[in-house]
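Working notes for the structure below.
Just so we're on the same page: letters track the sequence lines, and every chain starts at 1.
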2 protein chains.
Amino acid sequence: MKIETDLMRGAGPAAVLKLLERRPMYGYELVDALDRATQGVLAMGQSTLYPLLYNLEAKGLIEGYWRQADDTGKERKYYRLTPRGRKRLAADARQWRRLTAAMSALGVVSFVPGVAR
Amino acid sequence: MKIETDLMRGAGPAAVLKLLERRPMYGYELVDALDRATQGVLAMGQSTLYPLLYNLEAKGLIEGYWRQADDTGKERKYYRLTPRGRKRLAADARQWRRLTAAMSALGVVSFVPGVAR
DNA sequence: GTGGCATACTATGCCACGCCAAGTATACGG
DNA sequence: CCGTATACTTGGCGTGGCATAGTATGCCAC
């Protein structure tokens, strides 16, 4: 189900940025969301996700802030996209389009461009 | 034009295996073929490709053999797929289909499955 | 009330691998 | 005969996924 490590390197950051584009989320929530949204393909453990978040924050692509949860009242660390993160996500999307096109050209996969959204 | 390092990690080996599936090639030829076939997207330097070849050979996915070139008469080191390499390529293709589907589900890219070939 | 389990975040260290840089060797064209 | 293209090899650095472990809190069954 899960993809191999070296694919995760390329896809992980872009996937997280994409999820955070919709709405701010906290770490544990992201672990679950990634798993569900991709049917386990991009499922990553906590020890992969948290350092990834710290890394994205250090690069100024996302920013974290502590906020009390509505349900439990417990403090959770939410992350949201920064303007730079939005630009990076757009750049990542371009890279992925190019890459998918290249892999199709080689015949590794057979995907064709779909409708833009 | 060129994709970033972490994408190359996931795509590089599969791309090389795919090229070698058609016919045996030698290192320098592969550098050029990768560049041309993907419009520079998967272009990699010699210091990336050669170690990659050694690595694939160590894993038993390809095998190298010295052979005299038809044109110059010079010895070149050709590589061909092993049966295990063929299986690995099929597995890589499955991973890439899953990954592309996952990235599409997230909305990072908008590609849809094309016709099988 | 307490022991176990789910939730939620942090920290340490290993290992693989892309790539920069540098080196070697041969053939060919001017 | 010297520069350039071809062709292969090697050393070392930096990045980042992931296994492992640790901390803390809230909930629920018994």
Side-chain angles (χ1 to χ4, degrees), chain A residues 1-17 24-35 40-59 61-62 64-79 92 95 99, chain B residues 1-17 24-35 40-59 61-62 64-79 92 95 99:
Chain A
M1 214 67 228
K2 216 171 141 302
I3 55 171
E4 53 193 41
T5 296
D6 290 335
L7 292 181
M8 186 58 85
R9 273 190 185 244
V16 167
L17 289 179
M25 296 176 84
Y26 57 95
Y28 207 81
E29 190 182 9
L30 275 165
V31 170
D32 200 55
L34 274 171
D35 192 350
V41 174
L42 288 184
M44 60 175 76
Q46 301 187 20
S47 60
T48 299
L49 179 79
Y50 283 112
L52 170 56
L53 289 175
Y54 307 153
N55 187 288
L56 291 177
E57 188 171 30
K59 285 174 182 163
L61 304 179
I62 63 177
Y65 55 99
W66 287 93
R67 183 174 178 275
Q68 216 166 346
D70 296 334
D71 46 358
T72 64
K74 203 174 159 187
E75 287 280 302
R76 287 174 183 153
K77 194 168 186 183
Y78 284 80
Y79 289 91
D92 282 354
Q95 294 249 316
L99 178 55
Chain B
M1 211 70 225
K2 216 172 142 301
I3 56 171
E4 53 193 39
T5 296
D6 289 336
L7 291 181
M8 186 57 86
R9 271 187 185 247
V16 168
L17 289 179
M25 296 176 84
Y26 57 95
Y28 207 82
E29 190 183 9
L30 275 165
V31 169
D32 200 54
L34 274 170
D35 193 349
V41 175
L42 288 183
M44 60 175 78
Q46 301 186 21
S47 58
T48 298
L49 179 80
Y50 284 112
L52 170 57
L53 289 175
Y54 307 153
N55 187 287
L56 291 176
E57 187 171 31
K59 286 174 181 163
L61 304 179
I62 63 177
Y65 56 99
W66 288 93
R67 184 173 176 275
Q68 215 166 346
D70 297 334
D71 46 358
T72 63
K74 200 175 158 185
E75 287 280 301
R76 286 175 183 152
K77 194 168 184 182
Y78 284 81
Y79 289 91
D92 283 353
Q95 295 248 315
L99 178 55

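- B/Ile62 places none of its side-chain heavy atoms less than 4.5 Å from the side chain of B/Val16.
- No side-chain heavy atom of A/Thr5 sits under 4.5 Å from any side-chain heavy atom of A/Met8.
- A/Glu4 places its CD atom 14 Å from the C1' atom of D/dC18, with the value rounded to the nearest Å.
- Closest heavy-atom contact between A/Thr48 and A/Met44: CG2-SD, 3.8 Å.
- A/Trp66 places its CH2 atom 6 Å from the C1' atom of C/dC9, with the value rounded to the nearest Å.
- Across every non-hydrogen atom of B/Ala43 and B/Lys2, the tightest pair is O-CE, 3.1 Å.
- You'll find the side chain of B/Glu75 stays beyond 4.5 Å of the side chain of B/Arg67, heavy atoms only.
- The nearest whole Å value for the distance from the CG atom in B/Leu49 to the P atom in D/dT6 is 15 Å.
- For the pair B/Tyr26 OH and C/dA25 P, the computed distance is 21 Å after rounding to whole Å.
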Protein N or O to nucleotides 1-5 of chain D N or O, pairs below 3.5 Å:
none

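- Atom CD in A/Glu29 sits roughly 12 Å away from atom P in C/dT7 (whole-Å rounding).
- Base pairing of C/dC20: its partner is D/dG11, meeting the Watson-Crick or G-U wobble criterion (both donor-acceptor distances under 3.5 Å).
- With DNA chain C read from its 5' end, the first of the two nearest nucleotides for A/Arg76 and B/Ala43 is the one closest to A/Arg76.
- Residue A/Tyr50 places no side-chain N or O under 4.0 Å from the OP1 or OP2 atom of C/dA8.
- For the pair B/Leu52 CG and D/dT10 P, the interatomic distance rounds to 16 Å; values are reported in whole Å.
- At the heavy-atom level, A/Gly27 lies under 4.0 Å from the strands shown only through sugar-phosphate atoms.
- Searching all strands for a Watson-Crick or G-U wobble partner of D/dC30 with both distances below 3.5 Å returns C/dG1.
- B/Thr48 has a side-chain polar atom (N or O) that falls below the 4.0 Å cut-off from OP1 or OP2 of C/dC19.
- Residues B/Tyr28 and B/Tyr50 form a side-chain contact, since some pair of their non-hydrogen atoms from C-beta on lies under 4.5 Å apart.
- Two residues are said to be in side-chain contact when any heavy atoms from C-beta on lie closer than 4.5 Å; A/Glu57 and A/Tyr79 meet this criterion.
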What are the atom names and distances for every N/O pair under 3.5 Å that joins the protein to nucleotides 12-17 of chain C?
residue : atom : partner : partner atom : Å
C/dC17  : OP1  : B/Lys59 : NZ           : 3.1
C/dC17  : OP2  : B/Asn55 : ND2          : 3.0
C/dC17  : O4'  : B/Arg9  : NH1          : 2.8
C/dC17  : O4'  : B/Arg9  : NH2          : 3.4
C/dC17  : O2   : B/Arg9  : NH2          : 2.5

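- For C/dA25, neither phosphate oxygen OP1 nor OP2 lies less than 4.0 angstrom from any side-chain nitrogen or oxygen of B/Lys77.
- Counting only heavy atoms from C-beta outward, the side chains of B/Leu7 and B/Glu4 approach each other to under 4.5 Å.
- At a threshold of 4.5 Å between non-hydrogen side-chain atoms, the residues A/Leu53 and A/Leu30 count as touching.
- In this structure, B/Tyr54 places its OH atom 16 Å from P of C/dC19, rounding to the nearest Å.
- At the heavy-atom level, B/Gln46 lies under 4.0 Å from base atoms of the strands shown.
- Using a 4.5 Å cut-off on side-chain heavy atoms (C-beta onward), A/Leu61 and A/Asn55 make no contact.
- As a whole-Å value, the separation of B/Leu34 CG from C/dG18 C1' is 14 Å.
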